[in-house]
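Just so we're on the same page: letters track the sequence lines, and every chain starts at 1.
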Amino acid sequence: MENDGRRPYVPGDVETKWQDRWEAEGTNTFSTEELRDPRNTYYNLMMFPYPSAEGLHVGNIYAFTGADVHGRFQRLQGKRVFEPIGFDAFGIHSENFALKMGVHPMDLIPSNVANFTRQLRRIGGMFDWEHTVDTTDPAYYKWTQWVFLQLFKAGLAERREGSVNWCPSCKTVLANEQVIQGLCERCDTPVEQRVLPQWYFKITDYAQRLLDNLEEIDWSDTTRKAQQVGVFTTRPDTIFGATYMVLAPEHPLVPQITTPQHRDEVETYQAAMKKMDLVARQKTDKEKTGVFTGAYCRNPATGEAIPIWIADYVLMGYGTGAIMAVPGHDQRDFEFAQKFGLEIVRVVAGPGDDADTALEEAYVGPGSLVNSGQFDGMDVEKSKRKITEWLAEQGLGEPQVNYRLHDWCISRQRYWGPPIPIIYCDACGAVPVPESDLPVVLPRAEDFKPDDSGVSPLARVESWYQVDCPECGAAARRETDVSDTFLDSSWYFLRYPNTDLDDRAMDREITANWLPVDCYIGGNEHAVLHLMYARFITMALKDLGHLDFDEPFTRFRAHGLIIREGAKMSKSKGNVIVPDPIIEEFGADTFRLYLMFLGPYEEGGDYRDEGIYGPFGFLKRLWDTMHQVVSDGEAASGAPDPDVERKLHQTIQQVSEQIPELGYNTSIAAMMEYLNAVRAGGRMACRSEVEALVPMVAPFAPHMAEELWEALGHGGSVFDGANWPSFDPAKTVDETVTVAVQVNGKVRGTIEGPAGMDQNAAEALARATDNVNRHLEGASVRRVIWVQDKLLNFVVG
RNA sequence: GCGAAAGUGGCGGAAUUGGUAGACGCGCCAGAUUUAGGAUCUGGUGGCCAAAGGCCGUGGGGGUUCGAGUCCCCCCUUUCGCACCA
């Protein structure tokens, strides 16, 4: 079927027309009054991008399109969908890029944001441009600072010593991302640790709640697992085998317990450790090092005196920074004990072992206890609880849960971030900036390069940091560190519906109407930190009375990754696709459809350049078919073909069920299959057969859907009201079925019959089939398996 | 090393509770049409055998079953997290 001179499909014209109309009519934006309307709300969130100088890349578009498809689908169900987007523009990325290009970030970011905005409009997302957010805008970070102050007042922000990465060659503080295998990413110099006072958020106070709540939220399993704060169990069962103790080198007890004759050695070791960065130190394959402190302690179980060592393989940041070493049953302890000639005792006997079987390496398998006093012979698993109880009774310790979660250090000795709103006064100490004085505006410093002072470049802007103490009025000094970008993004979703307000961070009524977020879609790379921080801030703000809910995201789904030529798209691999020319040639609708068709949305897909012709052809055929129906007028108004109608209802059912589950690729395939069936053999479609395709394709190809909806004579937007088609379950049922006939499990033919026929009827049909008969000849049928409307299997002997 | 997920045509990927493996699309082949085409349309397309038909086929090897991509055991590979977490 060809176009026959009907209207050709020119994507650019259609898309410009509808983008302009949506904007002129405010189709996707909410007024403050509309935000106060609590009816039928749906908050559709996607992770806001960092506006790079390169512009939007395919990965961004993939993420936003998938989320937008979800939002548009909800809208077609009659929901009032709020779908905001913004810019996460503070942070080291922008700062480094600005340094490299010799442009000030305050000049760079606005042009990047403008470019992103242009591109985002072009892909046809349902974004509410009246409620956008830019984290570098003082009108936004005023409230980021407000969040800090709330936590500070609640005692959840605390200043204490912490170590930072320091490159002695570049003479600058490095972010963790800039440390590559223990070396500075720029000059390959080994990175050292410097201890500086820093601000921490006490997220560990919320560890149990962060863990418990995971039960209640609808998140994909993999993300939920990634959030597991990491509860671990110790090995109380092996305590009788503890033959020495190890402290982390930086453990505070070390100076107190070290005996004079070991002091030099210990201090030398500590100094060496201090220089080594954590990444290098934590390499598993590195040979273990350590020194003896000269001190002894008692094994609580055996009462024996055992030596205390310090060693690099014990980390201060984890647990208590001290371990009872059980070389018999822990490989790390075993290696250490062997190297330094410490005693190795077996306390677990595996199959075939007895109490004296020598150990070649640490034994970590199952077995029963030996050399363990009254617990000898007990099964390892069982003994864990028993020994814990016994130790508790003796007052020697109690069961404790440890979390693999550290407090959140939010200080950055950098320029490009929101200043931390604290003022230091000699008399009053650390004083919070009064809320009425917010925002503390980041001054424009022409020289924002980090230097060898080890503090933020803001410490060079004297006119800015010199202030009077808000409490006593004496000369005081601002905090010159800025806060972590993750703080900006830990609450942005709370601000979106509230950007109309400039006198408070959020309005109770509006917030209650829209939050928590109904659906959040984003990348897996943020499945741990960003989501954890956002959940923590939400919980803290709830406890402080600012919110009425605990969990910010009711449902979270991570999308997959787009691969091209066997690798993730990156500039260094040279496999990046620039979206603009593709949208220019095929249109945003085709590009959206293609990206969603590549593979399962939650798994990503393999981008092949020629693949776009498939979805492009589909949209063109859909366009031609709809215009043919329109131009045929009366002729196309007849009743649908019964077979086509059945398939239509099946397709509507399939697509309606799959889209909310993010089954985009299979939904698109179902629509293609249906259109193929409608047009099979060049037949002419009638209107009732194809009209429902328009709202169904609308989430993927919104511009074309609008255009076709209008061409079909409907007034207004296809997205106004609940235009999603419904299906009649009775009409999805096939009248005739094809049943596979097997002999001994191998397909030997098929039979056609009325749906619901009984086994006898099916057998009769099957026995009338030549090929089936041939296989049944001379054999005795021992059994017949009958699966209604599906399969008939003769089991012959 | 630990944890998680996944291995299906030339390629991306489909397959309710175990029930005709390969939907849909790309690519490829043949044909039609066009002055010619990146275009459009029709048909074909897992491998092997000349074939009605048959045999083999979902990473490899075992098993359960009338029947296994799907369930069980062992192994291999890839990807992604976490990495001396006691």
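Atom C1' of nucleotide G13(B) and atom OH of Tyr594(A) are separated by 11 Å, given to the nearest angstrom. The distance from atom CD of Glu602(A) to atom C1' of G13(B) is 16 Å, rounded to the nearest whole Å. What separates CD of Glu777(A) from C1' of G53(B) is a distance of 15 Å, to the nearest Å. Going from atom CD1 of Ile612(A) over to atom P of A39(B) covers 14 Å, rounded to whole Å. Here the C1' atom of nucleotide A15(B) and the CD atom of Gln658(A) are 12 Å apart, to the nearest Å. Rounded to a whole Å, the CG atom of Asp606(A) is 15 Å from the C1' atom of A6(B). Atom CZ of Phe597(A) is separated from atom C1' of C11(B) by 13 Å (rounded to the nearest Å). In this structure, Tyr62(A) places its OH atom 12 Å from C1' of G12(B), rounding to the nearest Å.
Nucleotides G7(B) and G22(B) are separated by 16 Å at their C1' atoms, to the nearest Å. As rounded to the nearest Å, C11(B) and A5(B) have P atoms that lie 26 Å from one another. Look at the C1' atom in both G81(B) and G62(B): the space between them is 32 Å, to the nearest Å. One P atom belongs to C26(B), the other to U33(B), and the distance between them is 23 Å to the nearest Å. Taking the C1' atom of each, A83(B) and G69(B) are spaced 34 Å apart, rounded to whole Å. As rounded to the nearest Å, G19(B) and C71(B) have C1' atoms that lie 14 Å from one another. Separating the C1' atom of G9(B) from that of C48(B) is a span of 14 Å, rounded to the nearest Å. If you take atom C1' in U79(B) and the same atom in A86(B), they sit 29 Å apart, rounded to whole Å.
Of the listed nucleotides (C24(B), A14(B), G12(B)), A14(B) has the atom at the smallest distance from the side chain of Asn665(A). Which of A23(B), U20(B), C66(B) sits closest to the side chain of Val747(A) comes down to U20(B). When distances run from any side-chain atom of Arg608(A) to the nucleotides G19(B), G10(B), C41(B), the shortest one goes to G10(B). In this structure, of U20(B), G12(B), G25(B), it is G25(B) that holds the atom nearest to the side chain of Asn676(A). Comparing atom distances between the Thr750(A) side chain and each of G19(B), U20(B), G54(B) picks out U20(B) as nearest. Closest contact between the side chain of Arg679(A) and the listed nucleotides U20(B), C66(B), C41(B) involves C41(B). Residue Arg774(A) places its side chain closer to G54(B) than to any other of U20(B), C24(B), G54(B). Checking U20(B), C24(B), C66(B) against every side-chain atom of Thr738(A), the shortest atom distance belongs to U20(B). Among the nucleotides A39(B), G13(B), C24(B), the one closest to any side-chain atom of Lys620(A) is A39(B).
Here A39(B) sits opposite no nucleotide as a Watson-Crick or G-U wobble pair (both hydrogen-bonding atom distances under 3.5 Å). Across the strands present, C48(B) finds its partner in G54(B); the criterion is a Watson-Crick or G-U wobble pair with both atom distances under 3.5 angstrom. Of all nucleotides present, none satisfies the Watson-Crick or G-U wobble test against A86(B) with each distance under 3.5 Å. Base-pair partner of U79(B): A4(B) (Watson-Crick or G-U wobble, both distances under 3.5 Å). The partner of G22(B) is absent, by the rule that a Watson-Crick or G-U pair needs both atom distances under 3.5 Å. Look at U64(B): it lacks any Watson-Crick or wobble partner with both distances under 3.5 angstrom. In this structure, A15(B) makes no Watson-Crick or G-U wobble pair, since no nucleotide meets both defining distances under 3.5 angstrom.
Under 3.5 Å, the side chains of Thr666(A) and Gln658(A) contain a donor-acceptor pair of N or O atoms.
Side-chain N/O atoms of Lys746(A) include none lying less than 4.0 angstrom from OP1 or OP2 on G53(B). Between Arg621(A) and C41(B) there is a side-chain N or O to OP1 or OP2 distance below 4.0 Å. Contact check, His775(A) against G53(B): no side-chain N or O comes under 4.0 Å of OP1 or OP2. In this structure, Asn793(A) does not reach the U65(B) phosphate: none of its side-chain N or O atoms is under 4.0 Å from OP1 or OP2. Note on Asn771(A): a side-chain N or O is less than 4.0 Å away from OP1 or OP2 of G54(B). Between U20(B) and Lys790(A), no contact under 4.0 Å exists linking OP1 or OP2 to a side-chain N or O.
Between Phe340(A) and Trp309(A), a ring centre-to-centre spacing shorter than 6.0 Å is recorded. Remark: aromatic rings of Tyr664(A) and Phe700(A) are close, center separation under 6.0 Å.
By the 4.0 Å N-to-carboxylate-O rule, Arg679(A) lies too far from Glu689(A) to be salt-bridged with it.
A ring pair (Phe, Tyr, Trp, His ring centres under 6.0 Å) with Tyr594(A) is found for one member of Tyr607(A), Phe616(A), Phe618(A), Tyr613(A) and no other, namely Tyr607(A).
By the neighbour-count criterion of 12 heavy atoms within 6.0 Å, atom CG of Asp770(A) is sparsely surrounded, having that number or fewer from other residues, nucleotides or ligands. The environment of CD in Glu610(A) is crowded: more than 12 heavy-atom neighbours from other residues, nucleotides or ligands sit within 6.0 Å.
Using a 4.0 Å heavy-atom criterion, one finds that Phe618(A) contacts no nucleic acid atom at all. Heavy atoms of Glu603(A) sit nowhere under 4.0 angstrom from any nucleic acid atom. Leu598(A) comes within contact range of the sugar-phosphate backbone alone, with a heavy-atom separation under 4.0 Å but no base atom that close.
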**Message:** Between Asp624(A) and Arg621(A), does the salt bridge (charged side-chain N to carboxylate O under 4.0 Å, His left out) criterion hold? Intermediate values first, please.
**Reply:** CA-CA 5 Å; Asp624(A) 288 347; Arg621(A) 284 191 292 277; over 6 Å; no
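Residues Gly614(A) and Asn744(A) each lie close to RNA chain B; by heavy-atom proximity, the contact nearer the 5' end of the strand is made by Gly614(A). Between Glu610(A) and Gly617(A), the residue anchored nearer the 5' end of RNA chain B, judged by the nucleotide with its closest heavy atom, is Glu610(A).
Judged by distance alone, the side chain of Asp789(A) and the main-chain N or O of Val737(A) form no donor-acceptor pair under 3.5 Å.
By the rule that a glycosidic angle within 90° of 0 means syn, G81(B) does not qualify and counts as anti.
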